[in-house]
Trainee: 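Have a look at this one.
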Amino acid sequence: MHIGIPKETRDGETRVAATPETVKKYVGGKHTVVVERGAGSAARYPDDAYEAAGATLGTAQDALGAGLVMKVRAPDAAELAHMKAGTVVVGMLDPFDAEGLQRMAAAGLVGFALEAAPRITRAQSLDVLSSQANLAGYKAVLLAAHHYGRLIPMMMTAAGTLKAARVVVLGTGVAGLQAIATAKRLGAVVEASDVRPAAREQVESLGAKFIDVPFETDEEREIAQGRGGYARPMPPAWMARQAVLVAERCKQADIVITTALIPGRPAPTLVSAETIAAMKPGSVLVDLAVERGGNCPLSEKGQIVEKHGVTLIGLTNLPGLVATDASALYARNILDFLKLITDAEGALAIRRDDEIVAACLVCEGGNVTRRT
Ligand code: NAD
């Protein structure tokens with residue numbers, strides 16, 4: 001295949017879909033690669049490194065005109081205008097954005113949204129949600145530490161002892177577990193909550209305390225198991241009991257990291273405005289769910305604001321703040337996915353009977369092939 005790597009155009013997107021390392025593998029695998037000049041510069045991958053890896057450099061039109069285009073974000077209208085019907089596009093294409101899928105279908109693209117890959121063992125090496133959420137969880141804690149006017153670890157000094165910071169993590173999927181691990185490494189005392197019962201063991205194995213919201217009915221217990229590893233919306237009675245416990249824990253906390261998501265739905269509200277008002281002055285909340293509406297109604301998308309003396313961090317795209325590593329992992333995810341849609345000669349060979357391929361295929365032949 002002729003592979004194109006355009007520079008990402010979405011505001012603040014610093015990542016790139018291929019690195020010199022993966023380009024070298026594509027070229028070795030009988031593909032040809034054109035990289036838009038400057039495509040990797042925000043992630044600190046210079047043009048000459050791509051050239052040395054065997055790519056040619058070109059314009060945005062050259063990269064978008066390739067038969068297979070690798071993207072971080074779904075192509076916007078300007079990019080779609082440069083892509084011809086039949087182009088294969090692989091990226092984080094936002095499979096729950098029905099309008100976006102429709103636009104790509106109307107442009108005649110064959111779209112693979114890697115976020116839609118099933119959470120099965122075989123898909124782990126191409127799991128973009130995990131590779132990026134892991135970095136987001138790490139960066140969330142470092143951002144919080146930076147904005148917190150005190151130290152994280154307990155420190156015994158000649159001038160007196162400083163107490164360890166108390167960190168609460170809400171939602172302990174990939175991002176939440178990495179946030180716990182990072183906060184623990186910095187010396188914090190950590191507590192965490194998740195709706196899925198399986199999360200308890202993972203939280204405790206990282207040395208954090210699990211905030212237990214007991215189930216009162218079989219229905220609650222059943223819903224909490226989730227589906228395909230993902231959470232489902234919990235009944236209001238359970239959410240109300242969780243809110244009381246979360247409010248108590250947040251009032252004691254110095255840093256709160258929220259990561260709770262339910263696929264295809266708005267993020268659940270876990271930290272109310274009243275709870276923020278009751279938190280200690282100087283405390284910090286990082287809302288990693290802000291792009292899906294947020295776990296706290298006071299956090300603002302893309303902003304760092306202070307309300308009731310609490311710093312609320314609503315920055316989106318935390319992986320983009322560590323773009324070099326985020327791109328390296330993302331590029332390897334795509335490299336692995338490509339093995340499922342090309343053959344040893346570097347030709348397109350979509351394995352439609354493969355459950356990962358089938359789940360990721362979002363549009364083809366002018367039609368949206370995925371239900372949102
Ligand atoms: P996610 O980003 O969709 O959601 C983050 C967390 O929020 C989840 O743990 C979810 O249970 C939690 N949550 C939702 N509502 C909540 C509420 N009201 N209160 C507290 N927490 C709430 O999750 P993710 O990081 O994508 O992980 C989802 C699942 O997939 C997990 O079970 C994870 O272990 C699993 N997973 C499996 C694989 C694999 O096998 N290949 C890879 C990665 C993740």
Side-chain angles (χ1 to χ4, degrees), residues 92 94-96 113-138 140 168-181 191-206 208 210-215 220-247 249-250 256-272 275 286-297 316-319 329 333 336-337 355-356 359-360:
M92 290 193 281
D94 206 346
F96 292 106
L114 296 193
E115 309 99 302
R119 265 24 214 292
I120 56 174
T121 306
R122 191 164 59 84
Q124 277 180 359
S125 60
L126 52 86
D127 184 340
V128 293
L129 291 181
S130 292
S131 77
Q132 305 302 295
N134 188 30
L135 302 186
Y138 164 84
V168 170
V169 177
L170 301 174
T172 60
V174 177
L177 289 176
Q178 183 55 253
I180 294 172
E191 296 177 288
S193 166
D194 200 290
V195 48
R196 293 174 299 106
R200 172 193 282 272
E201 197 187 321
Q202 294 165 341
V203 166
E204 290 177 349
S205 74
L206 289 169
F210 191 67
I211 303 169
D212 196 14
V213 185
F215 302 117
E220 286 181 1
R221 199 181 307 278
E222 205 269 316
I223 295 174
Q225 303 291 337
R227 194 174 285 136
Y230 288 110
R232 292 162 63 195
M234 287 299 283
W238 187 91
M239 291 297 287
R241 294 201 301 283
Q242 182 195 39
V244 173
L245 282 177
V246 164
R249 302 324 308 147
C250 287
V256 179
I257 312 276
T258 71
T259 77
L261 289 174
I262 297 167
R265 290 179 178 260
T269 300
L270 302 185
V271 183
S272 66
T275 300
V286 183
D287 191 344
L288 281 186
V290 73
E291 228 163 342
R292 303 263 175 222
N295 294 139
C296 171
T316 55
N317 195 7
L318 265 52
L329 298 181
N333 292 147
D336 248 70
F337 180 77
E355 66 175 307
I356 300 172
C360 292

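When a ligand or atom number is given, it counts from 1 through the structure's own listing order.
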Trainee: Using the side chain to side chain donor-acceptor pair (under 3.5 Å) definition, which of the options Ser130, Ser131, Ser125 pairs with Asn333?
Mentor: Ser131
Trainee: Look at atom 11 (O) of ligand 1 and say which protein heavy atom is nearest, naming residue and atom and giving the distance to 0.1 Å.
Mentor: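 For atom 11 (O) of ligand 1, the nearest protein heavy atom is Asp194 OD1, 2.7 Å.
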Trainee: Suppose we measure from atom 2 (O) of ligand 1 to each protein heavy atom; which comes out shortest, and what is that distance?
Mentor: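 Here the nearest protein heavy atom works out to Leu261 CD1, 3.7 Å.
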Trainee: Could you tell me the residue and atom name of the protein heavy atom closest to atom 42 (C) of ligand 1, and the distance to it rounded to 0.1 Å?
Mentor: Asp127 OD2, 3.3 Å
Trainee: Quick one: look at Ala260 and ligand 1, take heavy-atom pairs under 4.0 Å, and tell me if it's side chain, backbone, both or neither.
Mentor: both
Trainee: Could you check atom 23 (O) of ligand 1 against the protein and tell me its nearest heavy-atom contact, residue, atom and distance included?
Mentor: Gly173 CA, 4.2 Å
Trainee: Is the shortest distance from atom 39 (C) of ligand 1 to a protein heavy atom below 4.0 Å?
Mentor: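 Under 4.0 Å from atom 39 (C) of ligand 1, at least one protein heavy atom found.
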Trainee: Would you say Arg241's side chain and Pro214's backbone share a donor-acceptor pair under 3.5 angstrom?
Mentor: yes
Trainee: Please work out, at 4.0 Å between heavy atoms, whether the side chain, the backbone, both, or neither of Ile120 comes within that distance of ligand 1.
Mentor: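 It is the backbone that gets close, since no side chain atom is under 4.0 Å.
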Trainee: Please report the closest heavy-atom contact between Arg196 and Gly173, naming both atoms and the distance.
Mentor: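 Heavy atoms of Arg196 and Gly173 come nearest at NH2-CA, 4.0 Å.
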Trainee: Give the atom numbers and elements of ligand 1 that come within less than 4.0 Å of a heavy atom of Gln124.
Mentor: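 Once the distances to Gln124 are compared, the set is 39 (C), 40 (O), 41 (N).
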Trainee: Quick one: look at Met234 and ligand 1, take heavy-atom pairs under 4.0 Å, and tell me if it's side chain, backbone, both or neither.
Mentor: neither
Trainee: N/O of Val174 under 3.5 Å from N/O of ligand 1, yes or no?
Mentor: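 Among all N and O atoms of Val174, at least one is under 3.5 Å from an N or O of ligand 1.
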Trainee: With a cut-off of 4.0 Å, which atoms of ligand 1 are near a heavy atom of Met239?
Mentor: 18 (N)
Trainee: Quick test: of every protein heavy atom, which one is nearest to atom 20 (C) of ligand 1, and how far off is it to 0.1 Å?
Mentor: Gln242 NE2, 3.4 Å
Trainee: Using every non-hydrogen atom in the two residues, find where Pro233 and Ile223 come nearest and quote the distance to one decimal.
Mentor: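 Where Pro233 meets Ile223 most closely, the heavy atoms are O-CG2, 3.4 Å.
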Trainee: Which pairs would a plain distance check flag for residues 258-265, meaning a side-chain donor or acceptor within less than 3.5 Å of a matching protein atom at least two apart in sequence or in another chain?
Mentor:
residue, atom, partner, partner atom, Å
Thr258, OG1, Asp287, OD1, 3.1
Thr258, OG1, Asn295, OD1, 3.2
Thr259, OG1, Leu170, O, 3.4
Thr259, OG1, Gly171, O, 2.7

Trainee: Which heavy-atom pair separates Arg232 from Gly226 by the least distance, and what is that distance?
Mentor: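 Of all heavy-atom pairs spanning Arg232 and Gly226, the closest is CD-C, 3.9 Å.
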Trainee: What's the shortest distance from atom 16 (C) of ligand 1 to any protein heavy atom, and which residue and atom give it?
Mentor: Val195 CG1, 3.5 Å
Trainee: Please report the closest heavy-atom contact between Asn317 and Glu291, naming both atoms and the distance.
Mentor: N-OE1, 4.4 Å
Trainee: Could you identify the single nearest non-hydrogen protein atom to atom 36 (N) of ligand 1 and state the distance to 0.1 Å?
Mentor: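 In this structure, atom 36 (N) of ligand 1 has Arg119 CG, 3.7 Å as its nearest protein heavy atom.
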Trainee: Would you list the pairs meeting side-chain hydrogen bond (donor to acceptor under 3.5 Å, both in side chains) in which at least one residue belongs to residues 170-179, sequence neighbours left out?
Mentor: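 Pairs touching residues 170-179 that pass the test: Asn134-Gln178, Thr172-Asp194, Gln178-Thr182, Gln178-Arg185.
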Trainee: Is ligand 1 under 4.0 Å from a heavy atom in the side chain of Thr172, in the backbone, in both, or in neither?
Mentor: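 Only the backbone of Thr172 comes within reach of ligand 1.
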Trainee: Of all the non-hydrogen atoms in the protein, which one sits nearest to atom 43 (C) of ligand 1, and at what distance?
Mentor: Ser130 OG, 2.9 Å
Trainee: Provide the closest heavy-atom pair for Pro297 versus Ser272 in the form atom of the first, atom of the second, distance.
Mentor: CD-CA, 4.3 Å
Trainee: Where is the tightest heavy-atom contact between Pro268 and Met239, given as atom of each residue plus distance?
Mentor: CB-CE, 3.9 Å
